[in-house]
Amino acid sequence: MASEDLLSGISNVSDETEFYTPMPPGYRRGQTKYVVVFGTVMSGLGKGIFASSLAKVLQDRGLSVAPIKLEGYLNRDSGTLNPYRHGEVFVLDDGMETDMDLGTYERMLNQDLTHLNFATSGQIFARVLEKERRGQYLGRDVQMIPHVTGEVKLRLRELALASGADVVFVEIGGTVGDVENAYYIEAVRELAFEEGESSCCFVALTYIVEPHALGEQKSKPAQLNMQRLMAGGIQPHIIACRATNPVSRKVREKLAMYSNVPLERVFSMHDLESVYLIPEALRGAGIDTMVLDYLQLGSKADPEAQERARTAWMDYTKHFRSAGVPINIGVTGKYTSLRDSYASIIQALEHAGTHLGAKVRIEWIDSTDLTEAEVPERLRHIHGVIVPGGFGVRGVEGKIACVKVVRETGIPYLGLCYGFQIAVIEYARNVLGLEGASTTEVDHDTPYPVIDILPEQKKIEGLGGNMRLGGQDVAVLPGSMLARLYNGAERIRLRFRHRYEVDPAYIERLEAAGLVFSGRAVKHPIMQVLELPTETHPFFMGTQAHAELTSRPLRPDPMFVGFVRAAMMRSGAPDPFVDKPAAEPEPGHLVR
Ligand code: GLN
C-alpha cells in the first residue's frame with residue numbers, strides 16, 4: 001500500500017511519483033465504504049433496477065447510501081439524448097438532466113439526488129482538460145492512467161464527502177469489455193487498492209443463457225466475462241445471475257469455480273413478476289448481509305429500521321399484487337413505440353393505481369395522423385387521457401383534437417408539460433374562439449401565440465434563453481382542486497423541463513373564460529398548473545411540470561392520484577375514497 005504522503009493530494013503530481021490521486025480536502029481514506037456493480041455479458045439485464053434494489057436493501061438496514069451512476073458516453077448530461085435510443089431524460093431537483101436510471105434510484109431509495117450522483121465521461125474529460133489548461137498537471141503528459149482514472153476516483157470521493165454516506169453505491173454503465181467504460185473499471189480497481197481491505201465490495205451482474213434448442217442453462221458466456229473482469233484486476237465478491245428461470249446449482253458451481261467466488265455468493269436473480277419484488281428477493285438470498293459482512297458494516301445496521309422499512313415496502317407490494325379495478329388510460333405521444341421514453345409516467349400511474357386499488361392498463365395513442373372525427377371512437381374504452389411531455393410539431397394537432405373531446409365529454413385528463421400547453425391552446429381556440437391559437441414552437445406566425453418563449457422572464461429566472469430546468473416552488477391557489485389534492489398545502493415543489501410557457505398577456509382572458517390557474521411560480525407570472533372547476537368537469541388538470549418525475553411508490557404524486565381516482569369513477573367503479581363520499585378527498589386523506 002502506498003504511503004500516506006504519496007496519496008495525499010494533487011501537489012504530488014510530478015516527475016517524482018507515479019501516484020496521482022487527487023483527494024478532496026478533508027477526505028479520509030477507508031472511512032467510506034463502496035459497493036460497485038458491474039454488468040457483464042450484455043446490456044438490458046435491468047442492471048439499474050438490480051443496483052438500486054441492492055442500494056435500497058442496504059438503506060433499509062439503517063445505512064445512509066449515496067448512489068452514483070458512471071456513464072460511458074461523452075455527452076456532458078442526458079439532455080440532448082434521443083429518448084428513442086436512450087429512454088426518458090430524468091431531471092433532478094438541481095436541474096441536472098440524467099439517464100433514466102437516476103429515476104429508478106430516486107424511486108427505490110425515496111431520496112432526492114443531485115448532479116453529484118451522476119457522472120459521464122464527458123464531465124470527467126472536461127474536468128481533466130480544464131486542469132490541463134490551468135497547468136495543474138505540472139508538465140506531465142496527461143494520461144488515461146493516472147489522470148483520468150484519478151478524476152473518476154475524485155468524483156467518487158467528492159460524493160462520499162458531500163453526502164457523508166456510509167456507503168457510496170457505484171453503478172458502472174455498459175458491460176465489461178466496452179472500450180468506453182474500461183477506464184471506470186480501472187478507476188475502481190485503483191480505488192479498492194487505495195481505500196484498503198474491506199472497503200470496496202464488487203458485485204457482478206451476469207446472464208445465464210438458456211437456448212431454446214438445448215433446453216438447459218449454459219454458463220460459458222458468464223464465465224468468459226468473469227475472466228475478463230478478473231483480467232482487469234477486479235475479483236468479484238458476489239455474482240448475481242440474471243436468467244429467465246431459477247439458475248441451477250450446477251451452473252452456479254461452475255461459475256463459482258471459474259471465478260473464485262464461493263458458491264453461496266453466486267445468486268440466482270431470475271425474472272420476477274414486478275421489479276418491486278427484487279428488494280425482498282435480494283434480502284431472501286442474503287445478499288445484503290453478505291455485503292455488510294464484507295464491508296464490516298454489520299455493527300451499523302439497525303434491525304428496527306429494517307423492520308419498519310420492510311413493512312412499508314411489503315405493504316406496497318402486497319397491494320401491487322392484489323387484483324384491482326381495471327382502468328384504461330390513453331397516453332398520446334410520438335414515442336409511443338418505446339416505453340422507456342415514458343418510464344416515469346408508467347411508474348407514476350402504477351404508484352397511484354396501487355395506492356387506490358386500480359389495475360392500470362395503458363393504451364398508447366399515436367396522435368400523428370389522428371383527426372378530430374376519429375377521436376371519439378379512439379377513446380371509447382378509455383377512462384382517462386394523459387398528454388405527456390414532448391417537443392416539436394409532430395402529433396400536436398391530434399393531441400389538441402383529443403383534448404377537445406376529453407374536455408367536452410368529461411373524460412378525466414392529465415396534461416404533463418406539453419400536455420399543459422396543449423390544454424391552453426385547445427381552450428384558447430375552442431372556448432375563447434381564438435382561431436389559430438398555438439405555440440410558437442409549432443407555428444411561428446400564429447395570430448394568438450398563447451404559448452411562447454418569453455426571454456425577459458427567462459432572464460429574471462437566471463436561466464438565459466435555455467430550458468427552464470429542475471425543481472421550482474409552486475404557489476397553490478387556496479380552495480382549488482390542486483390545493484385539496486395536496487392536503488391544503490400553500491407551496492409545493494415540482495420539476496420542470498421546458499422552454500415555452502403561457503404568455504401572461506392571455507392569462508386574464510383564459511381565466512375569464514373559466515380556466516383556473518391553480519399553480520403559479522412564486523416570483524414570476526409563470527403558470528404551472530391549470531384546472532377546470534369540478535362543477536364543469538370531473539377532473540381536468542394540466543401542469544407545466546413533470547409531475548411523474550417526483551412520484552414514488554411510497555409517496556404517489558397527488559395529481560396522478562386525483563387523475564386515477566377520477567378514471568376509476570369514470571369506469572363505473574365506486575369512489576376509492578369510500579369513507580369520503582365528497583367530490584374531492586379531504587385534507588389529510590392522501591399520503592404525502
Ligand atoms: N416543448 C415544450 C417546451 O419546450 C414542452 C416541453 C416538455 O414537454 N418537456 O416548453
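When a residue number appears, it is its place in the shown sequence, counting from 1. Atoms within a ligand are numbered from 1 in the order they appear, just like the ligands themselves.
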Review point. Just by distance, do the side chain of Gln59 and the backbone of Leu109 share a donor-acceptor pair under 3.5 Å?
Key: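 Yes; at least one donor-acceptor contact below 3.5 Å.
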**Study point:** Heavy-atom side-chain contact between Gln528 and Phe420 under 4.5 Å
**Key:**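 They are not in contact (no side-chain heavy atoms under 4.5 Å apart), so the answer is no.
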Exercise for review: Would you confirm whether the ring centroid of Tyr316 sits within less than 6.0 angstrom of the ring centroid of Tyr276?
Suggested key: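 Centroid separation for Tyr276 and Tyr316: below 6.0 Å.
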Practice item. Assert yes or no for the condition that the ring centre distance of Tyr73 to His86 is strictly below 6.0 Å. Key: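 Here the rings of His86 and Tyr73 have centres that are less than 6.0 Å from each other.
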Practice item. Please test Arg107 against Ser344 for side-chain hydrogen bond (donor to acceptor under 3.5 Å, both in side chains), starting from the C-alpha separation and ending with a verdict. Key: CA-CA 10 Å; Arg107 285 187 281 268; Ser344 290; 3.1 Å; yes
Practice item. For ligand 1, would you mind listing the residues that have at least one heavy atom less than 4.0 Å away, ordered by chain and number? Key: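 Shell around ligand 1 (4.0 Å, heavy atoms): Gly389, Gly390, Phe391, Cys417, Tyr418, Gln421, Glu441, Arg497, His498, Arg499, Tyr500, His546.
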Review point. Do NZ/NE/NH1/NH2 and the carboxylate oxygens of Glu106 and Arg552 come within less than 4.0 Å?
Key: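 A salt bridge links Glu106 with Arg552.
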